[in-house]
2 protein chains.
Amino acid sequence: MEAVYKAISDPNRRAVLDLLMLGDQTVSELLGHFNFSQPALSKHLRVLREAGLVTARSDGRSRRYALKPERLRTVAEWVRHYERFWNERLDGLGALLDEETKP
Amino acid sequence: MEAVYKAISDPNRRAVLDLLMLGDQTVSELLGHFNFSQPALSKHLRVLREAGLVTARSDGRSRRYALKPERLRTVAEWVRHYERFWNERLDGLGALLDEETKP
DNA sequence: GAAATATATAACCAATCAGTTATATGTCAA
DNA sequence: TTGACATATAACTGATTGGTTATATATTTC
């Protein structure tokens, strides 16, 4: 619940999620896209796993990671509450025009 | 751009934003809702300001904070990319059914 | 102008973070 | 069964975080 926000606060972890949108990937495949070490990626993956954002299954001697986006829905719903603020009241001007044209 | 995700990764800062949805508030008013110190809140507000999520204007001897949600749109758009994953392919079963009933 | 009020900043601290290198674990191939 | 490969974990490190107390700054009130 809370861990999700921490998990997506790191740009590299968001990049991992973005990559997994293209389909399941092994650690090696993912690693190809970054220039930090393999243990660093392993730690990011653990954070994502513990936040419930990805799943892993062993496949031969490699592990295949998959997106598990349900928890992102929480985030989607939280930000959705703010939608009306960038629709209505487009920073004063919009509100003013709305007022003017109300009746 | 990037600071926004860090800013909303803290539950107290998300709470501040939620409070500001109800309308502009002074620091004292906001402080009433938390049980940490005034400087702690001041620091959270600074993070939110620097992330571009709130604005502040001096009003007498107090400061009135207001929501400035445009940057949250970035987040909304990022998570929106994942929407299709919790619609289509409802974890295997849905995909299977889709396959079955394809034609 | 002195005291009170509202907020921000400084200096500090313990905990967490994101990376590193070295090592352990498990699986495949020869 | 030995060696190579793929991944995870351990132990360490410097930077960042979220809080604290003490202090500075600005505004109002008396």
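Letters go in sequence order (proteins before strands), and every chain restarts at 1.
- Ranked by how close their nearest DNA chain D nucleotide is to the 5' end, A/Lys43 and B/Asn35 are led by A/Lys43.
- Along DNA chain D, the nucleotide nearest B/Ala40 and the nucleotide nearest A/Glu29 are compared for position; the residue whose nucleotide lies closer to the 5' end is A/Glu29.
- Between B/Arg57 and B/Tyr65, the side chains place no donor N or O within less than 3.5 Å of an acceptor N or O (distance only, hydrogens not considered).
- With rounding to whole Å, A/Leu31 atom CG is found 11 Å from D/dA6 atom C1'.
- A/Asp10 has its CG atom 18 Å from the P atom of C/dT16, to the nearest Å.
- Residue B/Ser58 is classed as having no contact, given no heavy-atom separation below 4.0 Å to the nucleic acid.
- C/dC28 atom P lies 14 Å from atom CZ of A/Arg63, rounded to whole Å.
- One can place CD1 of A/Ile8 at 17 Å from C1' of C/dC17, the figure rounded to the nearest angstrom.
- Within the 4.0 angstrom heavy-atom criterion, only backbone atoms of the sugar-phosphate kind lie near B/Ser62; the bases stay farther away.
- Taking side-chain N and O atoms only, A/Ser37 has a distance below 4.0 Å to OP1 or OP2 of C/dT20.
- Remark: B/Glu2 engages A/Arg14 in a salt bridge, criterion side-chain N to carboxylate O under 4.0 Å.
- Straight-line distance from the CG atom of B/Leu48 to the P atom of C/dA8: 12 Å, rounded to whole Å.
- OP1 or OP2 of C/dA29 has not a single side-chain nitrogen or oxygen of A/Arg61 nearer than 4.0 Å.
- B/Arg13 places its CZ atom 4 Å from the P atom of D/dG18, with the value rounded to the nearest Å.
- Under 4.0 angstrom from either OP1 or OP2 of D/dA8 there lies at least one side-chain N or O belonging to A/Ser42.
- Distance B/Asn12 CG to D/dG19 C1': 10 Å, rounded to the nearest Å.
- A salt bridge between A/Asp59 and A/Arg64 is present, with a side-chain N of the basic residue lying under 4.0 Å from a carboxylate O of the acidic one.
- With hydrogens and angles ignored, the 3.5 Å screen pairs no side-chain donor or acceptor of A/Arg13 with any backbone N or O of A/Leu45.
- B/Gln38 has its CD atom 17 Å from the P atom of D/dG18, to the nearest Å.
- Comparing C/dA18, D/dG19, D/dA22 by their nearest atom to the side chain of B/Phe36 picks out D/dG19.
- Candidate nucleotides C/dA8, D/dG18, D/dG19 were compared by shortest atom distance to the side chain of A/Lys6, and D/dG18 ranks first.
- Put simply, B/Tyr65 has a side-chain N or O that comes within less than 4.0 Å of OP1 or OP2 on C/dA8.
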Stepwise ring pair (Phe, Tyr, Trp, His ring centres under 6.0 Å) test for B/Phe36 and B/His44: CA-CA 11 Å; B/Phe36 46 71; B/His44 282 309; 5.6 Å; yes
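- Side-chain nitrogen and oxygen atoms of A/Arg46 include none within less than 4.0 Å of the OP1 or OP2 phosphate oxygen of D/dA8.
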